[in-house]
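From a predicted model like this one, the values you see are computed outputs, not experimental measurements. Labels below follow one simple rule: chain letters A, B, ... track the order of the sequence lines, proteins then strands, and each chain is numbered from 1.
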Number of protein chains: 2
Amino acid sequence: MKNDLSKAERTRQYIIETTAGIFNTKGYAGTSLSDLTEATGLTKGSIYGNFGNKEEVALACFDYNLSKINQTVQQRLAEATTYHQKLMVYVQIYQDFAKMPFPEGGCPILNTAIDADDTNNLLKDRAAKAIQAWKKRIVDLIRGGVEAGEFKADVVPEQIALSMIALIEGGIMIAKVTNNPASLAKILKTVEMLITQIKT
Amino acid sequence: MKNDLSKAERTRQYIIETTAGIFNTKGYAGTSLSDLTEATGLTKGSIYGNFGNKEEVALACFDYNLSKINQTVQQRLAEATTYHQKLMVYVQIYQDFAKMPFPEGGCPILNTAIDADDTNNLLKDRAAKAIQAWKKRIVDLIRGGVEAGEFKADVVPEQIALSMIALIEGGIMIAKVTNNPASLAKILKTVEMLITQIKT
DNA sequence: ACTAAAAAATACCGATCGGTATTTTAATTG
DNA sequence: CAATTAAAATACCGATCGGTATTTTTTAGT
């Protein structure tokens, strides 16, 4: 046994890692089983031996894509000392779009939210939960900053948090569809302004 | 002749109006020819007599969806007198999400941008052009307001315009996927703040 | 009303869809 | 190493995919 994971677990992980970018790029309906077999070099029989159906693969891929981003975020948040710095992590992370922990196809939360919101409830719920968790993380940071005296007492954490997320996700969409990364940079300037404005 | 439009033109229009919401809801890959025949009550032969292929229908539907929104926007812009009021039109329009000129499925620009950006270049270009036109409209309004002395001279029109669009589109995405219209309302408050901040 | 032209319906095409039962191959354990 | 088990490949399923050639029905001009 070359690994502490069973063969099945290793194959399952291999399928997820290999196809996560495909689902993120082509969407759920746009990704076919033959896309998966072609990318992995495995057969349908093998894939269906490790997953119940196409939906299960897509869900596992979304979780994988999300966890990769969250890992980077949490690591950078831990490195930041002040609450201001912690909020700025979100600006910095999306600044160099290219060398990001993003899977091919861009932000999986955005892609899944739009792709699945009228067609696949399980995927939609995953995207919704991701947004809500993201919002909560920012709200907690703002509240922490208020208690620490870093931020003004009269800020509305929810509005700031939601606006930061909307700017980032909207900015990614704009930059991607117009093929112009500079647009995202300009929008991130506004996020930065939002963060600066709440400082005491 | 009951109409000044030919039969073919009327049928073509009927197909577009009837299926525009389907493409906007299910996406290009997720919409099948049988979805179209089912919704219209027509047969495949009839649809392919009026369109060359599925892509042509989707493109016509996008144009139709976009023009409906633009009609409302232009009308409201004409009614507004000051440049501040004109910018605020975008806040007001998206405030009551429900009774909007939006087709089923939400904002077609956002949906098409995400749905098509890695899979269909013609649709992607349409979405990109729509974003760029929207941005230009806002930039022109800001420049007008600066010249009229309504807005500060040191504003960066592109940044404001892009941020407004990102907030609105990001807000729509968040509200839709979390099933919570209040989120969009909070984000629109930030758009309002952005507009207020540039006033002299 | 009759006829030529246009539009819509029917019937069909090969390809691919997601999924499964069965066989073959590879990994694991005594 | 042999036997058992687990995993992957093969072969197949009905259904649906986008698209087309042909026939029938409507429409429109005289």
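Judged purely by atom type and a 3.5 angstrom limit, B:Asn24 uses its side chain to pair as donor or acceptor with the backbone of B:Gly106. Checking side-chain atoms of A:Lys135 against main-chain N and O of A:Ile165 turns up no donor-acceptor pair under 3.5 Å.
Taking 4.0 angstrom as the limit, A:Thr11 places a side-chain polar atom (N or O) nearer than this to OP1 or OP2 of D:dA8. Within the structure, every side-chain polar atom (N or O) of B:Asn50 is placed at least 4.0 Å from both OP1 and OP2 of C:dA7. Taking only side-chain nitrogens and oxygens, B:Arg10 comes nearer than 4.0 Å to OP1 or OP2 of D:dA28. For A:Ser34, a side-chain nitrogen or oxygen approaches OP1 or OP2 of C:dC17 to under 4.0 Å. OP1 and OP2 of C:dT20 both lie 4.0 Å or more from every side-chain N or O belonging to A:Tyr48. For D:dA7, neither phosphate oxygen OP1 nor OP2 lies less than 4.0 angstrom from any side-chain nitrogen or oxygen of A:Ser46.
Taking atom CD1 of residue B:Ile15 and atom P of nucleotide C:dA7, one finds them 12 Å apart after rounding to whole Å. In this structure, B:Leu36 atom CG and D:dC17 atom C1' are separated by 12 Å, rounded to whole Å. Between B:Lys44 atom NZ and C:dG14 atom C1' the separation is 12 Å, expressed in whole Å. Atoms CZ (A:Phe51) and C1' (C:dG18) sit 16 Å apart, rounded to a whole Å. Atom CG of A:Asn53 and atom P of C:dG19 are 5 Å apart (whole Å). One interatomic measurement links the two molecules: CD of B:Glu56 to C1' of D:dG18, which rounds to 14 Å at whole-angstrom precision. Rounded to an integer number of Å, the gap from CD of B:Glu9 to C1' of D:dA28 is 14 Å. Summarising the geometry, the separation between CG on A:Asp35 and C1' on C:dG18 is reported as 13 Å, rounded to the nearest angstrom.
Between A:Asp140 and A:Lys136 there is a salt bridge, with a side-chain nitrogen of the basic residue lying less than 4.0 Å from a carboxylate oxygen of the acidic one.
If you check distances only, the side chain of A:Lys54 never reaches the base of C:dG19 with a donor-acceptor pair under 3.5 Å.
Side-chain N/O atoms of A:Asp35 and A:Ser32 include a donor and acceptor closer than 3.5 Å.
Contact annotation for A:Thr31: backbone-only contact, meaning every heavy-atom pair under 4.0 Å involves sugar-phosphate atoms and none involves a base. Counting any heavy atom pair closer than 4.0 Å across all strands shown, A:Gly45 reaches a base atom. Using a 4.0 Å heavy-atom distance criterion, A:Leu42 is classed as a sugar-phosphate-only contact. Heavy atoms of B:Thr43 sit under 4.0 angstrom from at least one base atom.
The shortest non-hydrogen separation linking B:Val177 to A:Lys124 is O-CE, 3.5 Å.
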